[in-house]
Protein chains: 2
Amino acid sequence: MKRVKKKIFHDYIAKQGLKSTRQRDIILEAFLSSDRHLSIEELYLKLRAKHPNIGYATVYRTLKLFAESGIAREMQFGDGQTRYEHVGEGEHHDHLVCTGCGAIIEFENETIETLQKEVAAAHGFLIQTHKLELYGLCARCRG
Amino acid sequence: MKRVKKKIFHDYIAKQGLKSTRQRDIILEAFLSSDRHLSIEELYLKLRAKHPNIGYATVYRTLKLFAESGIAREMQFGDGQTRYEHVGEGEHHDHLVCTGCGAIIEFENETIETLQKEVAAAHGFLIQTHKLELYGLCARCRG
DNA sequence: CGCATCATGAAAGTGATTTTCACTAACATA
DNA sequence: TATGTTAGTGAAAATCACTTTCATGATGCG
Ligand SMILES: [Mn+2]
Ligand SMILES: [Mn+2]
Ligand SMILES: [Zn+2]
Ligand SMILES: [Zn+2]
């Protein structure tokens with residue numbers, strides 16, 4: 001899993017004529033071994049413990065590269081911070097977001113996906129991406 | 001329609017012990033007679049023509065009040081600006097957003113809404129709100 | 001190695017939104 | 001109507017999450 005994503009990233013770097021650097025490898029390892037839906041600041045703080053010399057800007061730039069290479073997806077859950085999640089090959093899911101504790105649960109629903117395509121088609125739209133987020137209280141926060 | 005929303009807002013203002021002001025009424029009228037999905041800046045610029053003395057901060061504060069009172073909904077379509085749309089009593093819709101020209105099309109789909117509730121229930125979630133946005137190219141932009 | 005490029009980190013810049021603060025307007029009450 | 005209390009306003013400063021700049025450092029093909 002990690003190996004596969006590291007390879008995808010390194011291949012992307014090479015194909016784009018970019019360089020393989022110590023920082024990129026450190027950030028990649030930290031990202032791949034972290035929880036999903038990490039904000040840039042969370043990842044930066046986590047990194048800073050072992051690597052106090054890695055700059056904020058480098059983390060931003062590198063996460064963007066991850067997204068470009070296809071191993072990460074940029075997400076906005078309305079809390080003002082961009083979050084990045086891991087992306088598996090050909091995988092897709094949507095999210096339940098707890099407004100109480102911030103927990104993020106992933107789900108897949110083929111029927112909804114199909115209906116979305118139908119809606120788009122009915123309006124002559126060619127869908128590129130979509131965002132489906134259900135906000136509410138998770139089982140624990142409902143008390 | 002406008003009358004109803006104005007009443008809802010004035011009732012809300014009163015109930016909260018807030019004050020009815022000239023600026024709020026001006027902004028309310030401008031909002032209600034504007035296109036849907038207006039950004040704060042667009043509304044501010046529109047207002048400034050007739051009311052050059054109304055401050056930016058007041059427009060921000062007032063639009064938030066509209067959302068709190070239930071006559072408006074805050075939206076983020078990923079272009080970095082918050083937009084506000086009109087909300088009718090008990091009305092709900094989702095959006096198709098054209099990544100080419102920025103057009104926003106509204107749609108309703110009861111089946112999707114039902115499936116969302118099922119997904120939430122299956123995870124013990126109590127849904128408060130949700131966001132479903134389909135991004136792609138509109139019929140015109142597909143050329 | 002040599003060196004053209006790309007990458008990095010610190011700091012400055014951006015752009016949207018929020019806060020501050022001195023002043024003004026609402027409105028309940030006298 | 002005059003007054004007092006509280007909320008609202010506008011201009012400007014501050015914040016926040018990023019993005020860019022720029023001088024310096026690392027990478028990697030030949
Ligand atoms: Mn996810
Ligand atoms: Mn709408
Ligand atoms: Zn929760
Ligand atoms: Zn279009």
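The structure displayed is predicted, hence computed values, not measured ones. Chain A is the first sequence line, chain B the second, and so forth, proteins listed ahead of strands; every chain is numbered from 1.
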| request: Give a yes or no on whether a donor-acceptor pair under 3.5 Å exists between the nucleobase atoms of D:dG10, that is its base, and the side chain of B:Arg61. | output: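 Answer is yes: a donor-acceptor pair is held.
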
Starting at [atom1] of [X] and ending at [atom2] of [N], how long is that distance when rounded to a whole Å?
X	N	atom1	atom2	value
B:Asp79	C:dT17	CG	C1'	14 Å
A:Glu74	D:dT19	CD	C1'	13 Å
A:Tyr56	C:dA12	OH	P	17 Å
B:Leu43	C:dA16	CG	P	15 Å
B:Gln81	C:dT14	CD	C1'	14 Å
A:Lys19	C:dT8	NZ	P	10 Å
A:Ile27	C:dA7	CD1	P	12 Å
B:Ile13	D:dT9	CD1	C1'	14 Å

| said: Mind checking if B:Glu41 touches a base, just sugar-phosphate, or nothing, with heavy atoms under 4.0 Å? | reply: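 If one applies the 4.0 Å heavy-atom cut-off, B:Glu41 turns out to touch nothing in the nucleic acid.
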
| request: Remember a base hit wins even if backbone is also touched, and classify B:Arg24 as base, sugar-phosphate or nothing at under 4.0 Å, heavy atoms. | output: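 Sugar-phosphate contact only - B:Arg24 comes under 4.0 Å of backbone atoms but never of a base.
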
Between [X] and [N], is there a contact of a side-chain N or O with OP1 or OP2 at under 4.0 Å?
X	N	result
B:Thr21	D:dG8	no
B:Gln23	D:dG10	yes
A:Thr82	D:dC18	yes
A:Lys64	D:dT19	yes
A:Tyr60	D:dC18	yes

| query | For residues A:Gln23 and A:His51, is any side-chain donor paired with an opposing acceptor at under 3.5 Å? | reply |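 Their side chains do not contain a donor-acceptor pair, so the 3.5 Å distance test is not met.
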
| said: Taking the ring centre of each residue, are A:His92 and A:His130 less than 6.0 Å apart? | reply: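 Ring-ring flag for A:His92/A:His130: true, centres closer than 6.0 Å.
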
| field | Of the listed nucleotides D:dA17, D:dG10, D:dT6, the one nearest the side chain of B:Ile54 | value |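 Ranking D:dA17, D:dG10, D:dT6 by closest atom to the B:Ile54 side chain puts D:dG10 first.
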
| said: Can you work out whether B:Gly17 or B:Pro52 has the more 5'-proximal nearest nucleotide on DNA chain D? | reply: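 In this pair, the answer is B:Gly17.
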
| In terms of the nearest nucleotide of DNA chain C, which residue is placed more toward the 5' end: B:Ala57 or A:Tyr44? |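 The residue whose closest nucleotide sits nearer the 5' end is A:Tyr44.
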
| task | Using heavy atoms to find the nearest nucleotide of DNA chain C for B:Gln76 and B:Ser20 separately, return the residue whose nucleotide is more 5′. | result |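 By nearest-heavy-atom nucleotide position, the 5'-most residue is B:Gln76.
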
Is [Y] paired with [X] through a side-chain N to carboxylate O contact shorter than 4.0 Å?
X	Y	value
B:Asp11	B:Lys7	yes
A:Glu74	A:Lys64	yes
A:Arg36	A:Glu91	yes

| request: Check whether any side-chain heavy atom of B:Leu132 sits under 4.5 Å from a side-chain heavy atom of A:Lys131, and report yes or no. | output: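 Of all side-chain heavy-atom pairs linking A:Lys131 with B:Leu132, none is under 4.5 Å.
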
| Those residues that, when tested against B:Tyr44, pass side chain to side chain contact (heavy atoms under 4.5 Å, CB included) (two or more places apart) |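 Residues passing side chain to side chain contact (heavy atoms under 4.5 Å, CB included) with B:Tyr44: B:Arg48, B:Tyr56, B:Val59.
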
Might you list the N or O atoms of the protein lying below 3.5 Å from N or O atoms in nucleotides 1-3 of chain D, with each pair's distance?
none

| task | Would you name the heavy atoms of A:Ile105 and B:His123 that are closest together and state the gap between them? | result |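 For A:Ile105 and B:His123, the tightest heavy-atom pair comes out as CG2-ND1, 3.7 Å.
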
